[in-house]
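First the structure, in the form of structure tokens, and then the observations on it.
A, B, ... follow the sequence lines: proteins, then strands. Residue 1 opens every chain. Note: hydrogens, waters and symmetry copies are ignored here, and every other heavy atom, side chains too, is used.
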6 protein chains.
Amino acid sequence: MSTSIWASVDYDRPGKQTGDLWLPYSVHRSAYGNLTIPLAVVNGAPGPTLLLTGGTHGDEYEGPVAFRRLLRWIDPAALRGRLIILPALNAPAVRAGLRTSPEDGGNLNRAYPGEPFAGPTAAIAHYVSTVLLPMADFYHDAHAGGSSLAYLPFVSLRRSGDDALDAAALAAARAYGAPNIQIWGYSPDPRLSTAEANRQKVVSLGGEFGGRGTVSREGVALVERGVRRLMAQWNMIEARPEDALPGESPARTVEVSGRDCYVYAMRSGIFEPAVDLGDSVVGGDLCGAVWGLEDIADPPHDQRFSRDGIVMCLRHPGLVQKGDCLAHLAIEVPS
Amino acid sequence: MSTSIWASVDYDRPGKQTGDLWLPYSVHRSAYGNLTIPLAVVNGAPGPTLLLTGGTHGDEYEGPVAFRRLLRWIDPAALRGRLIILPALNAPAVRAGLRTSPEDGGNLNRAYPGEPFAGPTAAIAHYVSTVLLPMADFYHDAHAGGSSLAYLPFVSLRRSGDDALDAAALAAARAYGAPNIQIWGYSPDPRLSTAEANRQKVVSLGGEFGGRGTVSREGVALVERGVRRLMAQWNMIEARPEDALPGESPARTVEVSGRDCYVYAMRSGIFEPAVDLGDSVVGGDLCGAVWGLEDIADPPHDQRFSRDGIVMCLRHPGLVQKGDCLAHLAIEVPS
Amino acid sequence: MSTSIWASVDYDRPGKQTGDLWLPYSVHRSAYGNLTIPLAVVNGAPGPTLLLTGGTHGDEYEGPVAFRRLLRWIDPAALRGRLIILPALNAPAVRAGLRTSPEDGGNLNRAYPGEPFAGPTAAIAHYVSTVLLPMADFYHDAHAGGSSLAYLPFVSLRRSGDDALDAAALAAARAYGAPNIQIWGYSPDPRLSTAEANRQKVVSLGGEFGGRGTVSREGVALVERGVRRLMAQWNMIEARPEDALPGESPARTVEVSGRDCYVYAMRSGIFEPAVDLGDSVVGGDLCGAVWGLEDIADPPHDQRFSRDGIVMCLRHPGLVQKGDCLAHLAIEVPS
Amino acid sequence: MSTSIWASVDYDRPGKQTGDLWLPYSVHRSAYGNLTIPLAVVNGAPGPTLLLTGGTHGDEYEGPVAFRRLLRWIDPAALRGRLIILPALNAPAVRAGLRTSPEDGGNLNRAYPGEPFAGPTAAIAHYVSTVLLPMADFYHDAHAGGSSLAYLPFVSLRRSGDDALDAAALAAARAYGAPNIQIWGYSPDPRLSTAEANRQKVVSLGGEFGGRGTVSREGVALVERGVRRLMAQWNMIEARPEDALPGESPARTVEVSGRDCYVYAMRSGIFEPAVDLGDSVVGGDLCGAVWGLEDIADPPHDQRFSRDGIVMCLRHPGLVQKGDCLAHLAIEVPS
Amino acid sequence: MSTSIWASVDYDRPGKQTGDLWLPYSVHRSAYGNLTIPLAVVNGAPGPTLLLTGGTHGDEYEGPVAFRRLLRWIDPAALRGRLIILPALNAPAVRAGLRTSPEDGGNLNRAYPGEPFAGPTAAIAHYVSTVLLPMADFYHDAHAGGSSLAYLPFVSLRRSGDDALDAAALAAARAYGAPNIQIWGYSPDPRLSTAEANRQKVVSLGGEFGGRGTVSREGVALVERGVRRLMAQWNMIEARPEDALPGESPARTVEVSGRDCYVYAMRSGIFEPAVDLGDSVVGGDLCGAVWGLEDIADPPHDQRFSRDGIVMCLRHPGLVQKGDCLAHLAIEVPS
Amino acid sequence: MSTSIWASVDYDRPGKQTGDLWLPYSVHRSAYGNLTIPLAVVNGAPGPTLLLTGGTHGDEYEGPVAFRRLLRWIDPAALRGRLIILPALNAPAVRAGLRTSPEDGGNLNRAYPGEPFAGPTAAIAHYVSTVLLPMADFYHDAHAGGSSLAYLPFVSLRRSGDDALDAAALAAARAYGAPNIQIWGYSPDPRLSTAEANRQKVVSLGGEFGGRGTVSREGVALVERGVRRLMAQWNMIEARPEDALPGESPARTVEVSGRDCYVYAMRSGIFEPAVDLGDSVVGGDLCGAVWGLEDIADPPHDQRFSRDGIVMCLRHPGLVQKGDCLAHLAIEVPS
């Protein structure tokens, strides 16, 4: 079956349009209601299409804010190609400030390629897969750690198995100008947006630009500059001197190579970290301690790294349950 | 009526004891159930009593972790006086990682002096007011910004109107060794724990040692050292060389002098800050912008400071509602 | 897989029986529990089978009340054929007064043809599709606007693409004697009960007989008379003089022809309508205004019709969210 | 203790101001948050103060919409006296579309005279009692039936026991120009806003201007005209010809004299009314029937009036529980 | 302030009446709604008044079922005095099968003497205290262990400090004919119904007649016979031969003498008991073990009795939290 | 697609290991979180594999406790073969004490053969079906009545249609040594764990060893002895004299032969049983009565058995809804 979502913009009309996707949603409070998903389309001179999505998770903010800044800044007359921007893709989750949709509990980045009539989250994924990605030459889905994780900022790519596609993605990542490029070399979950882009041979970049459920000023600036640099790289706009990288700072490239990069809580309680983002650690180093909440006489439970690496990600909230990710590492690889 | 809470420790027995306060709580899941609140008592040689409480709000972690570290470290044989430690005072809130109690919604720091039979939160406040504070010579209630706020760390006092009491508190604050001392000179809400301590003429210190709903390593270290410095100052333990302050760093003293120190959200949406903690601003400076979530074409709503000051506090979560505190300032005063 | 639902009535036994469908439902509160769906079967002399369903949405009442009145009135000795009545088809929704099921959130009229083991709502649809509709010659599913919409009463049909079937449905609609006949000429969602009836070549009528989440006395009387007139038309009972239509009032026939018949809220707030049900409007007319709830100084947001037509449906509750249907039109067509 | 609520407007400044009451509300999602309650103050030439409140219940809309229309229309230069308008007094309830506050469950019209620190609803009542009513000469609190009741529109007064005060209220009610004036002669619950006004000797009018949880166009027009007529009567504005009453239509005066005016559901199920608003009935007449939802074979339960009167109020939602009010009568009294 | 509750029965009318208490309850779903509490009054020849209440906790069933059996059995012509029966006193809790009220969370047996306007639970307690107990000569409030506890059945009394009153209660307990009489000699919480009866000098009996949230056949029979025996003892009815006690079985009398009778969970997990109801234990005996749910390698945590006694009460649900009562003992005392 | 679950144990390593299954679960509170399911593997000398699962429903305790006792007792040196133990298979349900998962509402015993990415419950079923059962020669899934049912203890088998498989299961059931063996001869729901075992030709036993949501001491002992007897029978361990059956007590064999073995509530209210577990009844006997909760004057509704049999199962909680199972019978068959 085909999607029931329709757009209030015309993807082909010249100039800058704003509007919404309309997802029919018949519920008690509104029998003929719709979920609305904000979007903008900017058409300039002939050229490629760049699709920008944020709000795949509703508590990741740097990409969405940067995209809204870019939308206000972009001049269709100065654009070659088309920009499609959806800064709040899982709109119910964004309005609730939640990773997952309050409507159906769906995690949009575990929902691809989607289904048209299996709940709003799957319907959004299905629309991206069947309508938006087929229009795109380039795709950037901006993430952050959300409410539960803090990230060292990076732009990322996911190995597709198609060397030409991966090379194009790596070239794009380098153009982005982030201090770190991370390659997801492990567990390519097939239900991610970038995995779907890989299947459709669309050059795609992910990235984690902050986290903790807040808006990082540095992350916003990084994405804003990064997308302009990408567009210049792809000849969609003229390169801007103020977007040049400061001094000599080629990005470091790291890879998440396996499950042993992760430290998971083995007990529930309050997690007190022993490291900071960006620290280099060796196997056996203390990652932190979990203080139990049942008996004050209990000693804290030590948690250690099982291999060497750079701390890319740390648990943010103090309270943890057994099974939560406390940290993950990545391994520096040749750029 | 008197409290129904009882302690499984003997406040007068020599040595180190751990246990719980038992608060009878008859509910569906447990007709003869109790809420348990962990506590420890350490009795050494004769001397004063220091009462330490954390977890007044269940998502403020630096004080509780530091207090549990101190509990493990302290040697009763080296102690003059008594240490009473409750690192998870509003225990149901702590176990849920929430500011307020999941049992009755109570904010423990708006519940003093409390009532014995008006719900668990009021009963805890009542026990502190009627049993614990009367035993105490000194009181330290450690806070942080919790899930919704980020704080520049400081130790604090609340003006009591009793000059001798305030001078003793200020002396204690200086001994603590925090980089900032904040005086709450505005709106002494009578329902706070430190306001109750003031009424009982107990020398008391507050403090905000981090926030964002996470465990700040710096905050934990600050409290751990601060309490040891306080105890040394009060001759409860010997001063430790490793707790000396590094170099020349007398604390800066600031005061929150009125409602004009605060910036509140005038619109709902995503708050993008324009300043960092510790920045000095002048009236009219941009505090940040709120990006609305209903129509993507709407411009962001600018929020500005209404006076000069130092940014002590910032909203943490990206999502804000009209009425939320976005930031507050404090004004430097002579130390 | 086949249905796990069983009926406590015998569909073929002569006379009037009442009972329930039993839908096994193993949940915490009842490991071997069942959801029960009330039904009645009335068998008379040989003749056709008419299936009547109400409570597809649990807050639509006119049909269900009329069907229960008809059940008490009907004399099997005076009946040719069989009457199968389910006045509370989505029984959990009916008992909760909700459009959708409190058990699984399902909207029964977006669930056809259903599945036997994918939750109660899908199981009910599956039973209708595989057991009830195959027994039926004629099908009438009575609806109303429910809690969120008010309707100008009408009997309706859905174009099937089968001219003979549509002609039979239109003849039935005329026999019904409602003041309005509405043709759903747009967006034949395949998951509706009447769409399933169309697929099975069962002559089917829908209808909206009130709304607002209340019981309309006029709507109840309209359905009660309409079904008796239908049965007389199909020679299942003798026509009754008291069911004759008053005076010269042939039904008006209208069609919902496209998405441009609908007005959707573009802002959230309180909707103040500017029209009444049954009004004739032209494109550009004011449909109403939405008063925002964040800043009292904001002007109301005007909402206008985008084409000409008759107001068939209006939003009922005062509070609206962006995306809600505020009104829809239909266009008069030759009868 | 005094209120912690503050206003962002100056009640004495000339001209038209809009803003909010700020009610400090420290909760998990916002440690230094506030509930904001929109208000407007219009100061003209010297004269009396009229206080208008709507949204005492969050699902009663006619008064609030009319007041917002009046606010936009009023010209301070043409005003003698002061107008204080709060169209969403229990703001959390209004934003949720609920009778009662989602924050503390409070029914604001069962909360007077209020308390400053016993939850938001009581704090709002306390502010009205201690700040707003003491400023007022006249008070109008506009209600409607809300989500659960439908009302024949009327302006109303509540007997105070002070003859002069009651005469002033009755004169005001006559000036209002509503088709019905209702006197609450039974059960003067002391916790209502108008009871508090009576205690403070402020001339006050209530009124029920619609209901069903929707916005009645007639009700909005009635309040808008009624308040202008009141203001003209009190010499606050010039009388407008377009606000004259049409033809000869003196208001009917009715009284709710006792508990026997009410019909309550004796069984749970679907309520099918047998009367309409405005009908005159005699004791023993059928009010309606309740159709049970457990066994389809059960007959409906008849509900009858126990005395004569005019049907002023009817249950709106189809689903009822034992104990719900199905209807109430009033008795015509000499005007 | 006086109660707003009214009764649909006349407490003084001869014969048997059934009806409800009506507690006005204005909430969103019913603006003029009422909570209804079923009651019956049976008036016979002149004589004393016996008040029977069950459903103080909504998941305790033996008393309520026995009382409804007694109500059907009793013949007013054979009664001397008055019987007032409320088998579902906290009616919202009873209808939900919960210990505490789903309306306000209230535990009715921690609510005496009650308040008229502080929520439904307090209003019910207030009505009992101010209307029902003043009419009563004798009072029996039947309890059971409810969902969380299993009890060895007993009739009980609570020491009042008034020797004559206690002697009358003990005589009544002996007349009851239960196998055990339990004296609550510890912690006379002032908020219980029987404590209120003590304050009013009404002879009162409690009792725990089963538990586990189920209906015990033995408990029902015990209460049914016990109340008939009581009534015969007080000359309200003739003694029935079939209510004679079988053989030689004088009740055992036991007392709960202090907090050391109780065993509380010190860890959370699954509680595996090591004893049965009625067992005699000595201090140090194993009460059971708690199996933790976080790490399967953890050994179970042993829980022991701290004194000798008879096991009167055991935790019922398998899942326990730290603080839950696992068992309590009573000590046999001379009868 | 294959499972995303991984085990922290090595199924082939000699000796006793404990650990968890890790089920990736990306939700708001933990973006990279996992659900952990405790398991143990014991490898001895070469021999068959016995898979033991408990906690399929989270409120059934006898099997899980016995399995944890067995785990502590078993000595790998004395074991021939492999034991795989999962005592809390639906771990989220077990930690919540619920039949069904609090994460997705899933009933694990209605989820086979499962799906890897359709929620945690289906993912667990899928892991059992694709990883665990293929390793198993014998399978025992221990159940109990849970919170809503009480059971006469028995070991059970489900007819597979494969005579050899059924004979092996019956032989195992006899070896188990339970007082009753129950054959499920009716409605072999294909979604049960033992139905999946049947499909995979794994010899499997079920069993209900208690219920009521509590831990039955007798049930624990029965399972503990039963599994040791099974293992001895299969030559995995030496038979223990203390596990011999006492005296002459061959198990009774019964069969649930059809829907007429069940009694379902026809009305809602409080269920008062008229029989005990193990009673023999004849068709027409009273099973119990349901006392309605709306009108105290209503008589109880009698519920009767429709055939002869032995009462194997009774409703536990007092409160019932129409449709709940009140009891079921089984018919004795030749052993």
Side-chain angles (χ1 to χ4, degrees), chain D residues 56-60 93 96-102 104-112 115 118 122 143-151 187 189-192 208 211-213 256 259 261-268 271 312-317 319-328, chain E residues 1-10 17-40 55 58 86-98 100-106 114-124 126-127 131:
Chain D
T56 285
H57 296 130
D59 59 349
E60 301 176 4
L98 296 173
R99 178 175 187 78
T100 47
S101 175
D104 60 8
N107 179 338
L108 180 54
N109 215 27
R110 301 294 183 278
Y112 286 87
E115 293 182 62
H143 285 252
S147 303
S148 68
L149 299 172
Y151 257 111
S187 179
D189 192 308
R191 298 171 299 153
L192 309 177
E208 306 282 348
R212 302 183 177 91
V256 179
R259 190 190 295 152
C261 291
Y262 291 79
V263 180
Y264 292 112
M266 297 304 294
R267 291 280 172 174
S268 299
F271 174 58
M312 300 302 291
C313 175
L314 277 172
R315 170 80 183 174
H316 179 67
L319 199 66
V320 298
Q321 292 181 9
K322 183 174 174 183
D324 287 342
C325 177
L326 300 178
H328 83 69
Chain E
M1 281 189 275
S2 66
T3 186
S4 63
I5 297 177
W6 54 277
S8 68
V9 296
D10 177 345
Q17 303 166 71
T18 59
D20 296 277
L21 297 182
W22 290 70
L23 192 168
Y25 193 53
S26 176
V27 290
H28 181 78
R29 62 159 296 285
S30 193
Y32 295 165
N34 294 272
L35 299 175
T36 61
I37 301 159
L39 93 163
L86 297 101
L89 190 58
N90 198 349
V94 171
R95 290 186 181 119
L98 296 173
T100 47
S101 174
E103 298 299 335
D104 60 8
E115 294 182 62
F117 291 123
T121 304
I124 294 169
H126 180 261
Y127 187 84
V131 178

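When the heavy atoms of residues 24-34 of chain E are compared with those of chain D, the residues falling under 4.5 Å are E/S26, E/V27, E/H28, E/R29, E/S30, E/A31, E/Y32, E/G33, E/N34, listed by number. Proximity to chain D at a heavy-atom threshold of 4.5 Å picks out nothing from residues 89-97 of chain E.
In this structure, the salt bridge (Lys or Arg N to Asp or Glu O under 4.0 Å) partners of D/R99, at least two apart in sequence or on a different chain, are D/E60. Residues passing the side chain to side chain contact (heavy atoms under 4.5 Å, CB included) test with D/S268 are D/Q321, D/K322, F/E294, sequence neighbours excluded.
Using a 4.5 Å cut-off between heavy atoms, E/D104 makes no contact with chain D at all. Contact of D/L149 with chain E is made through the side chain alone, with heavy-atom distances under 4.5 Å. Heavy atoms closer than 4.5 Å to chain E are found in the side chain of D/D59, but not in its backbone. No part of D/H57 comes within reach of chain E, as not one of its non-hydrogen atoms sits under 4.5 angstrom from that chain.
Judged by the 6.0 Å distance and 45° axis criteria, D/R191 is positioned over the aromatic ring of E/F117.
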